[in-house]
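Below is one structure, written out as structure tokens; the observations come after it.
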There are 2 protein chains.
Amino acid sequence: MANSSSDTSRKNVIELNDNKAGMTGIDKARISQIIEEASRGSKFYQRQQAKRQADAKRAEETRRKIDALSREALQAGERAGDAEIRRAVSAADFSRTHVHIDMDAFYAAVEMLDNPRLRHVPMAVGGNDMLSTSNYAARRFGVRAAMPGFIAKKLCPQLVIVPCRFRRYKEVSRQVQAVLADYDPQFSAASLDEAYLDITDHLANRQAINLLPGPKATSVAELRYRVFISSSLTASAGIGPNPMVAKIGSDFNKPNGQYRVAGSSDRVLEFIRQLPVRKVPGIGRVTEAWLNSLGVSTCRDLYEQRGALYHACRPLTYQFYMRACLGLSGGFGYGRNGPDRKSVSVERTFQATDSLTWLLDEKLPELCESLVRHLTKSGFLGRTVTIKLKLDTFEVLTRSHGLPSATDSVQAIQSAAAALLRQEFLPGRPAPRIRLLGVRVSSLTPRKAVIADCSSGVGSAGPKQARLDELLVRSTKTIAETSTKTNTTAAVCSSSSNETVSKSSTPVTSSTSENASKFNLVESTSVETKTSASSASESALSCPICSASQPGGLAGLNRHLDFCLSRSAIQTAVNDYSNDGSACFTPGSNSASSRKRIEAASSSGRPAGGSASGGGKRARIAADGRTGVGTI
Amino acid sequence: MANSSSDTSRKNVIELNDNKAGMTGIDKARISQIIEEASRGSKFYQRQQAKRQADAKRAEETRRKIDALSREALQAGERAGDAEIRRAVSAADFSRTHVHIDMDAFYAAVEMLDNPRLRHVPMAVGGNDMLSTSNYAARRFGVRAAMPGFIAKKLCPQLVIVPCRFRRYKEVSRQVQAVLADYDPQFSAASLDEAYLDITDHLANRQAINLLPGPKATSVAELRYRVFISSSLTASAGIGPNPMVAKIGSDFNKPNGQYRVAGSSDRVLEFIRQLPVRKVPGIGRVTEAWLNSLGVSTCRDLYEQRGALYHACRPLTYQFYMRACLGLSGGFGYGRNGPDRKSVSVERTFQATDSLTWLLDEKLPELCESLVRHLTKSGFLGRTVTIKLKLDTFEVLTRSHGLPSATDSVQAIQSAAAALLRQEFLPGRPAPRIRLLGVRVSSLTPRKAVIADCSSGVGSAGPKQARLDELLVRSTKTIAETSTKTNTTAAVCSSSSNETVSKSSTPVTSSTSENASKFNLVESTSVETKTSASSASESALSCPICSASQPGGLAGLNRHLDFCLSRSAIQTAVNDYSNDGSACFTPGSNSASSRKRIEAASSSGRPAGGSASGGGKRARIAADGRTGVGTI
DNA sequence: TCGCAAACA
DNA sequence: TACTTGTTTGCGA
DNA sequence: CAACAGAAC
DNA sequence: TACTGTTCTGTTG
Ligand SMILES: Nc1ncnc2c1ncn2[C@H]1C[C@H](O)[C@@H](COP(=O)(O)OP(=O)(O)OP(=O)(O)O)O1
Ligand SMILES: Nc1ncnc2c1ncn2[C@H]1C[C@H](O)[C@@H](COP(=O)(O)OP(=O)(O)OP(=O)(O)O)O1
Ligand SMILES: [Mg+2]
Ligand SMILES: [Mg+2]
Ligand SMILES: [Mg+2]
Ligand SMILES: [Mg+2]
């Protein structure tokens, strides 16, 4: 009778997520215990507990379902898996060289750069309520991204927390990306701190000029070196025949390291087989737990359990698993002009309230106005409006509605959102207590003729995704056979054909770095990004705008002239801005200068984890635009 | 050579402000020391230091100026003072009975009411970054309003801080005010937690009905008792012949006490003479220090130093001092339809930034849109736009500009504000680092014909300010003569004709409270203020709005109908709202019900302190609408 | 009219 | 980590 | 299409 | 005191 999910209680409800570079070999149990104690009894904790229960239940259901499978069903599953694998392999292309670059402890590294006192202490970026990331010293204490600051302090009382300066990181990101563009002008930025490159052409050009014909890894080390020279920050890199292995590789020797998986099916399999499924991007905490409970821990297990798995998930997910265990999963790096953005949203956490009036009169307008600024700036109209509510229990609800036509009007969006919100405060039920309100618009269509183009800075050309369609059969067996262990400790350089570059205090490119400047590099190391004071220089012109006579005497009149000049300049700029939607809007009449660059739309495009409900960690910020963790 | 202002260093830069009920007899020096240590070295601290220096310098200048005065000048000053006093006294009216009611530890008391666990511990309302107020237990530790939470924690590690719930306090405030209205329908609310009443008429009516002819203090005790019955909160009261002494009196026996100054010139003087000048509303920390340095500590000193003082300040301020030392200062309670509001402003603190772009594109629009919501809601147009900047050094700047005509358009206000902001980022200077941006509009004129009237709930009639113009001479001597010490320890009830009501756990009105309901009381004790779920009941009507055909089948269509109904209801409501500007906007088509009441415009109207530059305490909040301390 | 500083809740 | 927000007043230029 | 959940940075 | 904000994807009904 006793439901087996009832003994979830023996495990910690909130456990340290140590799936991050720099967190190996730490005392996970002790740290988890501290986290648990700091949270126990809170509403957040209770919600986590409920989610974990649901996870366990779902896993149990899946297990039951699998146990009930007939031998025939299992074999059918395996056949389906083999077919999937055949298709994936036949579409695979091992001829190109993909690189994934990921900055080390990015926000934290920037802060350490700007403030030397932070360099030798455990520190994190964020606020008391939520951290965006931590440096590697702090990670030794269990302090990491998405952890509340006040808990981090319990793990590490000496921890120094510094507030988030998103725009600064964006500046630095631009410097880094300027280097990347030299290796692949079409590189695809997945976030401020990471990007996918296809350096095949770059390598070819290199060879053509007959310079530095060394191994691919050398070029990448050089790239990292140049990033360091340009930004004073270290990056890690993964190199492989497709973006997936490149991505995994970039984490392999973090920080300040790189790892290469050679461009052959065998080498890829050798690398991937032994990896815990959690390393596969797209398999997160919940899916990992779900898979583990089905006896799947490593990617090899994914293959071996393919018969059962087939019956445990939907076809698309199954395809994802099969490709993942081959190291061939797709959907990572898009081209620079990758797919248009699909939604724009704004959400904010606040003191929980049950006042519909306040939500409608104060919060919703703020959100909608902010949303429309973003929407307008990005040059889209939206047709679907979704509101998001987080209750004070941390449960999340969404409600959406399709408008008759696409819009970017505050009026339209706000009234739709308001209607949705009001539906949640109907007379019968007790008013919900809301701790977060969000508004999203989707079903986007580009506004007007010319879409706002923010990307004109670096490069432009077409898509670049390594396509995973038709190709050859073979390797099905290869997986089942090769089961030798590969050296994962990353020490000896090129001990196998999968190469490792060891970590030193700065990236070393032997002699390569000397010649780096021979490639068509713009010496754009220190991009001047403070657009602040620009465009005020037009105050020399004279202009009668305000028309009305101005009291205030001599100096007063002069001041007024300056003022109106300045005001008209702004009008001009505002128009420019709404018309071209530039991300890096520099106000003023003397535009034309100022570098514009795309804001790196975060796109990963991998399938979501299984079908489990499972956990998740959320946290609060501490302030308006104060110390928050947000991206704007 | 050594400037005398250089030895300011011996005193604490940031000193505990213990000028608050519940903070007498605490170890100010020790507490100040802790505060000092918690702050030392911070930018905030440095700014305070600079201000204190400036204070000291100005005081020194004043002292020098006074020392240089001739005997004739001093005598002329005294004559001017005497004239001022003659005028004030001749205008004085001791025939009416004014009452000032002030809730005890208001926000904190509400929280203690709502959460019994807080009742017996030191607690405060606010966030880690700033407290709005504290309960009396916390005050024993030096914890008080306008103190950052993290410093409060050092003073009192057990302190419990609970977030601010402004709307809840507003609800409670309405309950309290409903009681006050029975004693003076024209009462003037100075803030959520305090009000001025003129109960002369009430007392007359009482006597007319021949009920409870007891002393005035009894009526007030009864009032406080009724407040307690209605709200479960205690209030303190001051009773006197004018609002000034009433105001001072309400603090005299706080918490849960009252004090009466009888309505004669002698009694008022007896009361006022011995008071530290700091007790006079309008004399704050800086002015106190300035006066002290001139040898003026008590109100009597104000009189005695009137000759010198005359030469140390401007006529208006001098008049204020002279009236203050008579206990006759004016400008306190207005009538319910007191003067229209003079400005509307919004300001926000954030992580300091030097990015003009961000300020212009993100923050300024937010502020302006929020501002215009308030402006619209209050039914005004404004002609003057002022921006406020706080630098990361905590220096504050304001820049303003008069528009050609009054407006409430976001466009107009924002572009003016933007122009002003841009002026602070001119090419020459280094970009300032801004930690706070604010926008204010002033020179208000009521919008359209009918001004939005939110006050129709309680009472309506005209102004009520006790006027302090022409009257009789006399008391000049009276002051100089009576110098006996009056009992300030407030224990024995009516030991003099200045009455004290001792504190008990609830206000005691002997038998009075029994008869209270015989006065024309609405039994409006529990005003239902949750306007939340109203107006959703119209979803029974059918309505084709969206016109376009809706996909989604049967239930889908029904849902869509509900939606559009709801949406149209909102439209209606929004229109209502912008047309009548009601403060207590209840959305929905079925309006007509729902009590409306004025939002108690905070008006005090006393002269500003001296002319020194001097100190001030500022602090940060922690979040958006999160834990903040703000009034909206 | 503008900028600053003080005051209060 | 971290020192508010909204409104009014007076002084001095 | 709408709601939910997982994932990533 | 206190557990984020933005975007995308897949599953389920
Ligand atoms: N959960 C999160 N919430 C908000 N911001 C985040 C979150 N995770 C990461 N970020 C921000 C801060 C990071 O510095 C930046 C890049 O993320 P990521 O590359 O995953 O980590 P990292 O660069 O800080 O460390 P590393 O890559 O060395 O593990 O994105
Ligand atoms: N500096 C401030 N900043 C923000 N809000 C404040 C500030 N001071 C007071 N408040 C709010 C919280 C208070 O409860 C409320 C009433 O103020 P006030 O009457 O002066 O103190 P109080 O009612 O908390 O204690 P008491 O009146 O018993 O001394 O106004
Ligand atoms: Mg990184
Ligand atoms: Mg990254
Ligand atoms: Mg009070
Ligand atoms: Mg008060």
Side-chain angles (χ1 to χ4, degrees), chain A residues 39 42 44 127-130 145-146 148-151 161-163 190-194 281-282 284 286-287 314 316-317 341-343 345 347 349 394 396-400 402 551-552 556 601-609 611-614 616-622 627-631, chain B residues 39 42 44 127-130 145-146 148-151 161-163 190-194 281-282 284 286-287 314 316-317 341-343 345 347 349 394 396-400 402 551-552 556 602-614 616-622 627-631:
Chain A
S39 303
S42 69
F44 180 81
N128 201 32
D129 292 351
M130 186 49 57
F150 65 91
I151 288 184
I161 301 178
V162 340
S191 72
L192 281 193
D193 97 316
E194 72 191 77
V286 173
T287 308
R314 311 292 297 159
L316 196 52
T317 302
R341 146 229 263 317
K342 299 201 171 61
S343 70
S345 67
E347 69 189 46
T349 297
F394 287 88
V396 174
L397 313 176
T398 60
R399 297 292 179 257
S400 72
S602 162
S603 65
S604 31
R606 63 266 167 258
S611 48
S613 59
K617 250 177 201 162
R618 297 304 122 108
R620 283 208 199 189
I621 65 166
T627 238
V629 108
T631 50
Chain B
S39 302
S42 69
F44 180 81
N128 202 34
D129 291 351
M130 185 48 56
F150 66 91
I151 288 183
I161 300 178
V162 335
S191 72
L192 280 194
D193 97 314
E194 74 192 74
V286 173
T287 306
R314 311 295 297 162
L316 196 53
T317 301
R341 126 230 274 322
K342 299 201 172 61
S343 71
S345 67
E347 69 189 46
T349 298
F394 287 89
V396 173
L397 315 176
T398 61
R399 298 292 179 256
S400 71
S602 161
S603 64
S604 31
R606 64 265 165 260
S611 49
S613 59
K617 249 177 201 161
R618 296 305 120 110
R620 283 206 198 191
I621 65 165
T627 237
V629 108
T631 50

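- The distance between atom CG of B/Asn128 and atom P of F/dA2, rounded to the nearest whole Å, is 10 Å.
- Side-chain atoms of A/Leu316 lie closest to F/dT11 of the nucleotides F/dT11, E/dC4, F/dT7.
- In the set E/dC9, E/dA7, F/dA2, the nucleotide with an atom closest to the side chain of A/Asp193 is E/dC9.
- Taking every side-chain heavy atom of B/Thr398 into account, C/dC4 is the closest of F/dT7, C/dC4, D/dT8.
- Regarding contacts with the backbone of F/dT9, a side-chain N or O of A/Lys342 is found under 4.0 angstrom from either OP1 or OP2.
- The interatomic distance linking B/Leu397 (CG) with C/dA5 (P) rounds to 9 Å, in whole Å.
- Taking atom CG of B/Leu192 as the reference point, atom P of D/dG6 lies 14 Å away to the nearest angstrom.
- For the pair A/Arg341 and F/dC8, the criterion of a side-chain N or O lying under 4.0 Å from OP1 or OP2 is not met.
- Remark on DNA chain D: of its neighbouring residues B/Arg314 and B/Ser345, the 5'-side contact belongs to B/Ser345, judged by nearest-heavy-atom nucleotide.
- With sequence neighbours excluded, the residues that form a side-chain contact (heavy atoms from CB on, under 4.5 Å) with A/Ser345 are A/Arg440.
- Here the P atom of nucleotide D/dT5 and the CD atom of B/Glu347 are 6 Å apart, to the nearest Å.
- At a threshold of 4.0 angstrom between heavy atoms, the contacts of A/Ser39 include nucleobase atoms, whether or not backbone atoms are also involved.
- In this model, the phosphate group of E/dC9 is not approached by any side-chain N or O of A/Ser191 to a distance below 4.0 Å at OP1 or OP2.
- For B/Phe150, taking side-chain heavy atoms from C-beta onward, the closest of the listed nucleotides D/dA2, F/dT11, F/dA2 is D/dA2.
- Taking only side-chain nitrogens and oxygens, B/Ser400 comes nearer than 4.0 Å to OP1 or OP2 of C/dG3.
- In this structure, B/Phe394 atom CZ and C/dC4 atom P are separated by 17 Å, rounded to whole Å.
- Distances from the side chain of A/Thr287 to the nucleotides C/dC8, D/dT7, E/dA7 place E/dA7 closest.
- Contact between the side-chain N/O atoms of B/Ser343 and the OP1/OP2 oxygens of D/dG6 is not found at any separation under 4.0 Å.
- The CD-C1' distance, from B/Glu194 to D/dT7, rounds to 14 Å in whole Å.
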